Amino acid sequence: MPPPDTPTPAEKDDRWREAVLTAGLAVFDWDVAARRIWRSPEMLAAWDYPEGPNDAVDGAKAVLHPDDYPLFQARMTEIEAGSLERATLEIRMRSREGAWRWIRWRARVVARGENGRPARVVGTVNDIDELWKGRDLARESQMRLQGIVDSAMDAIISVDDAQRITLFNRAAERIFGYEPLEVLGQPLEMLIPARFHREHHGHVEAFGRTGVSSRPMMAQRIVTAVRKGGEEFPIDASISQNEIRGHRFYTVILRDVSLRERTRRELAQAREDLRELSVASRTAREQENSRISRELHDELGQNLTSLKMDLAWLEANTAPEQGRIRQTLAGMRTVLDSTVAATRRISADLRPLMLDDLGLAAALEWLAEETSRRHGFTVDLAVDEASANLSEPLASQAYRIVQESLTNAGRHAAAGKVRVMLRTIGTEVHLDIEDDGRGLAPEDLRKKGSFGLVGIRERVYTLAGSVEIRGAPGHGTVIHVRLPIPARREGDA
Ligand SMILES: Nc1ncnc2c1ncn2[C@@H]1O[C@H](COP(=O)(O)OP(=O)(O)OP(=O)(O)O)[C@@H](O)[C@H]1O
Ligand SMILES: [Mg+2]
């Protein structure tokens, strides 16, 4: 006798159906011998399965995708024949809305007849369309991402939270010289010179703590990486971080900037060479000028002076009645005087010997006097003590800048007054020249065929200084120059 709570087969069947209805499952129950099929309401609701009793296999033909039906039919026939115990198929079925949807169809023989043939087959139908679509989408976006990552010109490297490499794109292979198999799963540190390991670790951890999603790596600074062969090279890198299910991972995008860095260094070197060359050539010219100027002054000047003395003697010793001779001698004296003056002027223009003999302040004073006499404006000159005896090449260059500025004030400004101020402030010389003339216009700074202001800028540039030239119409012109004073080297006088 069965225990009192053992259900009868009919009760069992009822409970099973109740369970199916309660769970809301899409279930079918197929009575093979009777060729009848029971379908749960969910199955009827979701699928366009013909209603009423019908043959499971034939009935399904109306709702299954024609491409999938043969497979379904084959499996069902095997089950029906008793050669297959259970089957799982992923096939397309038409929904009530008329669209094909992927389903997972499962069937299992649950009872056999006396002849051993299946009597009852039970199964479920699960809609896996969303799942598949999601999987397709994920695969598609994965492929698209892969395409982007692989075609990128920059190296792209991802690491997990233990800083092991999880992604290494083609550009990274090219730049670092590793095959992906050599680096995947390896610590990122294999791409960084050993002496930077500790620093690098700290940076990444600090970045992790910030929670910022991306930023350039050590902004403004070139980071160093190391190739497979051990060669170090500079890179520009930016890092981003993401968190997926509690795991943080970092992606670094980097670029080999060796070439750029080399070009930058070469350019800077070329500029520096050019500057030095320019300083050297100006110094050489000043020295040459100085030599010629001294020659004119000493040699020619001396000779002219002795000629003048001889002439005076001749004049004194010529009888008053020698009218013609005296007239000629007077004419000679006039020519001689103007020759002496011209010699002085040419000599001073070449290079004021005062600059070498008495220093910058004295030379500027003479220049101020000369120009105000020549152009008819007053020059207010102020030179502080520290700047009075500036060393070369600063003294010559400052002198030339003032000379050009005063000449300009005379030629273009119609100025009444020019102020010249030379001061030493810290490790710089500040030179200001201000006139109260008509004021230069911005376009004057780029006047074709004018080289005065260009020359000032060039002199300043070769001394690594800075210059500002400003004019206000009707309110004069200001030239402000700053020149660094070179540090005195050991052994300098
Ligand atoms: N102090 C000034 N006031 C007004 N205009 C000025 C002054 N200095 C220069 N300029 C204007 O700027 C122009 C350029 O000056 P710059 O000294 O470069 O050349 P320049 O004096 O014309 O010729 P040079 O090559 O002989 O010096 C001048 O032609 C003039 O128009
Ligand atoms: Mg000029």
Side-chain angles (χ1 to χ4, degrees), residues 274-275 277-279 281-286 288-290 292-293 296 342 344-352 354-355 360-361 363-383 387 390 393-423 429-483:
L274 207 61
R275 210 176 63 77
L277 184 70
S278 175
V279 171
S281 96
R282 278 188 192 285
T283 307
R285 204 161 72 211
E286 288 289 346
E288 181 69 0
N289 284 357
S290 175
I292 298 171
S293 171
L296 279 176
R344 282 219 189 100
R345 200 183 62 245
I346 294 168
S347 156
D349 278 350
L350 267 176
R351 174 159 174 109
M354 244 177 284
L355 199 52
L360 180 59
L364 286 178
E365 259 162 47
W366 175 83
L367 179 64
E369 243 165 65
E370 268 292 300
T371 16
S372 55
R373 201 170 43 74
R374 218 180 275 179
H375 297 292
F377 50 65
T378 51
V379 178
D380 234 4
L381 176 72
V383 179
S387 317
L390 271 186
L394 283 187
S396 292
Q397 302 307 325
Y399 179 87
R400 296 295 181 200
I401 292 170
V402 175
Q403 188 177 38
E404 172 60 26
S405 306
L406 288 178
T407 306
N408 275 353
R411 277 171 58 193
H412 312 295
K417 186 167 163 179
V418 184
R419 272 161 52 91
V420 178
M421 210 169 15
L422 184 70
R423 289 168 299 169
V429 181
H430 289 225
L431 173 59
D432 296 276
I433 302 130
E434 303 171 16
D435 68 52
D436 60 358
R438 66 165 179 84
L440 111 182
E443 58 271 21
D444 290 337
L445 294 173
R446 283 174 296 276
K447 215 174 195 175
K448 272 224 166 97
S450 290
F451 297 104
L453 298 178
V454 174
I456 291 179
R457 279 200 293 261
E458 212 216 12
R459 284 173 200 277
V460 171
Y461 169 71
T462 58
L463 296 170
S466 62
V467 58
E468 202 185 323
I469 302 175
R470 263 180 295 121
H475 294 282
T477 301
V478 176
I479 298 179
H480 177 60
V481 174
R482 295 162 75 146
L483 302 172

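What you see is a predicted model, and the numbers here were worked out from it, not measured in a lab. Read the numbers this way: they start at 1 and go in the same order the structure lists the ligands and their atoms. Just so you know, these numbers use all the heavy atoms, side chains as well, and skip hydrogens, waters and symmetry mates.
Nearest to atom 2 (C) of ligand 1 among the protein's heavy atoms is T477 OG1, 3.7 Å. Of the protein's non-hydrogen atoms, F451 N, 2.7 Å is the one closest to atom 25 (O) of ligand 1. Residue, atom and distance of the protein heavy atom nearest to atom 20 (P) of ligand 1 are H412 NE2, 3.5 Å. The closest protein non-hydrogen atom to atom 17 (O) of ligand 1 is N408 ND2, 2.8 Å. Among all protein heavy atoms, the one lying closest to atom 22 (O) of ligand 1 is S450 OG, 3.1 Å. Looking only at protein heavy atoms, the nearest one to atom 12 (O) of ligand 1 is D444 CB, 3.2 Å.
Counting heavy atoms under 4.0 Å from ligand 1, residue D435 touches it through the side chain alone. Of all the heavy atoms of L453, the ones lying under 4.0 Å from any atom of ligand 1 are found in both the backbone and the side chain.
Nearest to atom 23 (O) of ligand 1 by heavy-atom distance, out of R411, E404, K447, is R411. Of the candidates G452, G476, A441, G449, it is G452 that places a heavy atom closest to atom 24 (P) of ligand 1.
In this structure R446 satisfies the side chain to side chain donor-acceptor pair (under 3.5 Å) test with no other residue, sequence neighbours excluded. For R423, the side chain to side chain donor-acceptor pair (under 3.5 Å) criterion is met by D432, not counting sequence neighbours.
Residue R344 places its CZ atom among 12 or fewer non-hydrogen atoms of other residues, nucleotides or ligands, all under 6.0 Å distant. Under a cut-off of 6.0 angstrom, the local environment of CZ in R285 is sparse, with at most 12 non-hydrogen atoms contributed by other residues, nucleotides or ligands. Residue R419 places its CZ atom among 12 or fewer non-hydrogen atoms of other residues, nucleotides or ligands, all under 6.0 Å distant.
A donor and an acceptor atom, one from each side chain of Q397 and R400, are nowhere located under 3.5 Å apart. Using modelled atom types and a 3.5 Å distance limit, the side chains of S347 and S293 yield a donor-acceptor pair.
Excluding waters, the set of protein N, O or S atoms lying under 2.8 Å from the Mg ion (ligand 2) comprises E404 OE2, N408 OD1.
Below 4.0 Å from some heavy atom of R438 lie the following atoms of ligand 1, by number and element: 4 (C), 5 (N), 30 (C), 31 (O). The atoms of ligand 1 that sit less than 4.0 Å from any heavy atom of L440 are 4 (C), 5 (N), 6 (C), 9 (C), 10 (N).
The side-chain contact (heavy atoms from CB on, under 4.5 Å) test with L483 singles out one residue from L463, L431, L390, and that residue is L463.
Residue pairs meeting the side-chain hydrogen bond (donor to acceptor under 3.5 Å, both in side chains) criterion with at least one member in residues 464-474, sequence neighbours excluded: E468-R470.
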**Asked** After noting the C-alpha distance and the side-chain angles of E404 and R459, does the key distance pass the salt bridge (charged side-chain N to carboxylate O under 4.0 Å, His left out) rule?
**Response** CA-CA 12 Å; E404 172 60 26; R459 284 173 200 277; over 6 Å; no
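Between the S387 side chain and the V383 main chain, no donor and acceptor come within less than 3.5 Å of each other. The closest donor-acceptor contact from the side chain of S290 to the backbone of E286 lies at 3.5 Å or more, if one exists at all.
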